[in-house]
K.L.:
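There's a structure below that I have some questions on.
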Amino acid sequence: MIIGFDAKRAAFNRTGLGNYSRYVIDIMSDLLPDDQHLLYVPSTRKAPFLESLLQKSQVVRKNPDTSFGKKLSSVWRTKGIVKQMQCDGVELFHGLSNELPIGIQHSGIKSVVTIHDLIFLRYPRFYKPIDRFIYNLKFRYACKVADKVITVSECTKRDIVELYGTPTDKIEVVYQGCDPVFTQMVDAEILKSVSLKYNLPKEFILYVGSIEERKNLLLAVKALKHLKQDIPLVAVGKRTAYTAQIEKYIEDEGLQDRVQMIHNVPFADLPSFYQLGKLFVYPSLYEGFGIPIIEAIHGGLPVIAAKGSCLEEAGGPDSIYVDPHDEQELAIAFDRVLSDESLRQRMISAGKEYVKRFDPKQHALEILSVYKSCF
């Protein structure tokens, strides 16, 4: 079989949709080494994130093959890609990041789309009106014309059924695993080096994720005021306008010695943070899945996350979930875990058992089953 992938995010996005895209291409090309896996990238510029994938003989990068497509790459990705895929003999196309090209349903090419979340409809205040309009057009169209829809959580599946009226039997939930690097123990010398590099406290509560309003980091900062334990919070993530709001609160409340925000951390250093921390917090208001939770559990951290979306699916029944608007409830959960080492160890042990279900080989088999159901 010749399989086409929308590889824009895989090529140029180092987080989120990029990680998912590379994950799927990697596990499917390993499962199906005798098939062709064509990565459609709308730009000819260098794509370092694809280098390891392109070392496989069965994986081939495809750029626009006409001067029109090269000049108007966004148009090519939206529509022109279909003709090129027909010429390439593509039998199935997987839109890895919420969208499918226009007209694919009339091309003879079977199509699968992964819809990661509909947060822009659940929490529209976090998105610009024009972005919501474009996302809605693309996502709704993809759900309508795809032969099959993959979602990364039961929560997102429910949202698609409710908000787009997509038939339940058209949607399959296939979870996502994390990068294998997070499943491996970091050498003690590297841990020490990372700790010194970022001047990390001996013990700390860890948060990893973009520091944006929807992720709700301010709740964790506010919870520090109610803690019986004198333990700091280390937040690792991309800086946004919301960061300034958190910084002002820290200054107003005199929490400068209790919160450390670190930006632009190289990917190679992230596993060390998880293995140096004492506890992981993820108070996001709404998510499509919650990969940092899986990374944290692999790193040996108990998890406290927010109720209300899909985070229970990522963290399992032995993590603790709190109201994302209640700082005191979060503080109580912090104190409970930090003061009870036997509880902390039980959460770590049970969590590691739970995340065994996020196995790449199993995910590949489930995706292959979706592909086969299209024919």
Side-chain angles (χ1 to χ4, degrees), residues 9 13-20 23 116-117 119-120 122-123 126-127 152-153 155-156 175-179 181-182 194 198 200 204-224 232-247 249-250 259-299 301-315 319-322 324-325 327 330 333-334 351 355 358:
R9 304 288 186 176
N13 187 327
R14 69 181 290 266
T15 60
L17 296 179
N19 286 338
Y20 174 82
Y23 177 77
H116 294 267
D117 61 71
I119 300 172
F120 66 95
R122 289 296 188 196
Y123 283 86
F126 296 137
Y127 298 82
V152 294
S153 69
C155 177
T156 299
Y175 289 120
Q176 176 187 358
C178 65
D179 192 291
V181 71
F182 294 102
V194 169
Y198 297 100
L200 297 176
F204 57 90
I205 298 168
L206 177 66
Y207 164 88
V208 176
S210 297
I211 303 176
E212 58 183 281
E213 187 175 359
R214 176 175 58 84
K215 302 286 189 180
N216 200 28
L217 177 61
L218 185 57
L219 184 82
V221 176
K222 289 180 176 180
L224 295 177
L233 170 68
V234 173
V236 177
K238 179 182 176 182
R239 184 183 181 90
T240 70
Y242 175 68
T243 311
Q245 181 182 338
I246 297 175
E247 290 172 336
Y249 181 88
I250 291 169
V259 183
Q260 183 178 355
M261 287 193 283
I262 306 173
H263 315 295
N264 302 315
V265 172
F267 180 80
D269 289 348
L270 280 178
S272 296
F273 277 87
Y274 287 118
Q275 294 180 33
L276 288 165
K278 187 79 172 178
L279 170 65
F280 185 74
V281 63
Y282 204 64
S284 181
L285 294 171
Y286 213 82
E287 291 291 328
F289 186 43
I291 286 294
I293 288 177
I294 297 175
E295 294 170 350
I297 292 174
H298 277 299
L301 293 183
V303 169
I304 299 175
K307 301 174 183 175
S309 59
C310 64
L311 300 184
E312 291 93 338
E313 294 179 61
S319 295
I320 294 174
Y321 305 94
V322 301
H325 305 287
E327 64 200 66
L330 179 56
F334 281 160
V355 295
F358 303 117

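Only a predicted model underlies this, so the values are computations on that prediction, with no experimental measurement involved.
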K.L.:
List the atom of Gly315, the atom of Ser319, and the distance in Å for their closest heavy-atom pair.
P.N.:
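Looking at all heavy atoms of both residues, the shortest contact is O-OG, 2.9 Å.
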
K.L.:
Measure the spacing between OH of Tyr198 and CZ of Phe273 and express it to the nearest 0.5 Å.
P.N.:
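Answer rounded to 0.5 Å: 5.0 Å.
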
K.L.:
Report yes if some heavy atom in the side chain of Gln176 is under 4.5 Å from a heavy atom in the side chain of Ile294; otherwise report no.
P.N.:
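In short, these two side chains do not touch, never coming nearer than 4.5 Å.
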
K.L.:
To the closest 0.5 Å, what do you measure between CG (Leu311) and OG (Ser153)?
P.N.:
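Output value for this atom pair is 9.5 Å.
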
K.L.:
Angle between ring planes, Tyr282 versus Tyr207, binned at 30° and 60°: parallel, tilted or perpendicular?
P.N.:
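Tyr282 vs Tyr207 ring planes: parallel.
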
K.L.:
Between CD1 of Ile205 and CZ of Phe280, what distance do you get to the nearest 0.5 Å?
P.N.:
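Here the interatomic distance stands at 12.0 Å.
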
K.L.:
Starting at CD1 of Ile304, measure out to CG of Leu279 and round the result to the nearest 0.5 Å.
P.N.:
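Between atom CD1 of Ile304 and atom CG of Leu279 there are 4.5 Å.
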
K.L.:
Restricting to non-hydrogen atoms, name the atom on Glu313 and the atom on Cys155 that form the minimum distance, rounded to 0.1 Å.
P.N.:
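So the two residues come closest at OE2-N, 3.0 Å.
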
K.L.:
Any idea which heavy atoms bring Ile297 and Ala314 closest together, and the distance?
P.N.:
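Looking at all heavy atoms of both residues, the shortest contact is CD1-O, 4.3 Å.
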
K.L.:
Please identify each residue that fulfils ring-ring contact (aromatic ring centres under 6.0 Å, His included) with Tyr20, with sequence neighbours left out.
P.N.:
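Partners of Tyr20 by the ring-ring contact (aromatic ring centres under 6.0 Å, His included) criterion, ordered by chain and then number, come out as His116.
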
K.L.:
Assess the residue pair Arg214 and Glu287 against the criterion (salt bridge (charged side-chain N to carboxylate O under 4.0 Å, His left out)); give the C-alpha distance rounded to whole Å, side-chain angles, the decisive distance to 0.1 Å, and a yes or no.
P.N.:
CA-CA 9 Å; Arg214 176 175 58 84; Glu287 291 291 328; 2.9 Å; yes

K.L.:
Is any side-chain heavy atom of Val181 closer than 4.5 Å to a side-chain heavy atom of Leu270?
P.N.:
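SC-SC contact between Val181 and Leu270 ruled out.
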
K.L.:
Look up atom CG in Leu233 and atom CD in Gln260, then write down how far apart they are to the nearest 0.5 Å.
P.N.:
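Those atoms lie 9.5 Å apart.
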
K.L.:
What are the two closest heavy atoms between Thr240 and Glu212, and how far apart are they?
P.N.:
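The answer is OG1-CA, 3.5 Å.
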
K.L.:
Would a 4.5 Å heavy-atom cut-off, applied to side chains only, mark Glu247 and Met261 as touching?
P.N.:
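Yes. Closest side-chain heavy atoms under 4.5 Å.
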
K.L.:
Can you list the residues that meet the side chain to side chain donor-acceptor pair (under 3.5 Å) rule with Arg14, with sequence neighbours excluded?
P.N.:
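With sequence neighbours excluded, Arg14 shows a side chain to side chain donor-acceptor pair (under 3.5 Å) to no residue whatsoever.
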
K.L.:
Please set out all donor-acceptor pairs under 3.5 angstrom arising from side-chain atoms of residues 216-224, sequence neighbours excluded.
P.N.:
{"residue": "Asn216", "atom": "ND2", "partner": "Pro283", "partner atom": "O", "Å": "2.9"}
{"residue": "Asn216", "atom": "ND2", "partner": "Pro324", "partner atom": "O", "Å": "2.8"}

K.L.:
Please assess Tyr286 against Asp117 for the test side-chain contact (heavy atoms from CB on, under 4.5 Å), listing each intermediate value before the final yes or no.
P.N.:
CA-CA 9 Å; Tyr286 213 82; Asp117 61 71; 5.9 Å; no

K.L.:
Within the structure provided, determine whether Thr15 and Lys238 are in side-chain contact (heavy-atom separation under 4.5 Å).
P.N.:
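Of all side-chain heavy-atom pairs linking Lys238 with Thr15, none is under 4.5 Å.
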
K.L.:
Do the side-chain N and O atoms of Tyr242 and Glu213 include a donor-acceptor pair separated by under 3.5 angstrom?
P.N.:
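Distance-only check fails for Tyr242 and Glu213.
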
K.L.:
Please round to the nearest 0.5 Å and tell me the distance separating atom CZ of Phe358 and atom CD of Glu295.
P.N.:
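With rounding to 0.5 Å, CZ (Phe358) is 12.0 Å from CD (Glu295).
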
K.L.:
Which heavy atom in Glu312 sits nearest to a heavy atom in Lys307, and how many Å separate them?
P.N.:
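Residues Glu312 and Lys307, closest heavy atoms: OE2-CA, 3.6 Å.
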
K.L.:
Can you check side-chain contact (heavy atoms from CB on, under 4.5 Å) on Ile246 and Ile211, steps first, answer last?
P.N.:
CA-CA 9 Å; Ile246 297 175; Ile211 303 176; 3.6 Å; yes

K.L.:
So which atom in Leu301 and which in Gly277 form the shortest heavy-atom distance, rounded to 0.1 Å?
P.N.:
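Nearest pair, atom of Leu301 first, then Gly277: CD2-O, 3.1 Å.
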
K.L.:
Tell me, do Val281 and Phe334 make a side-chain contact under 4.5 Å, heavy atoms counted?
P.N.:
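A side-chain contact exists here, since the closest heavy-atom pair is under 4.5 Å.
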
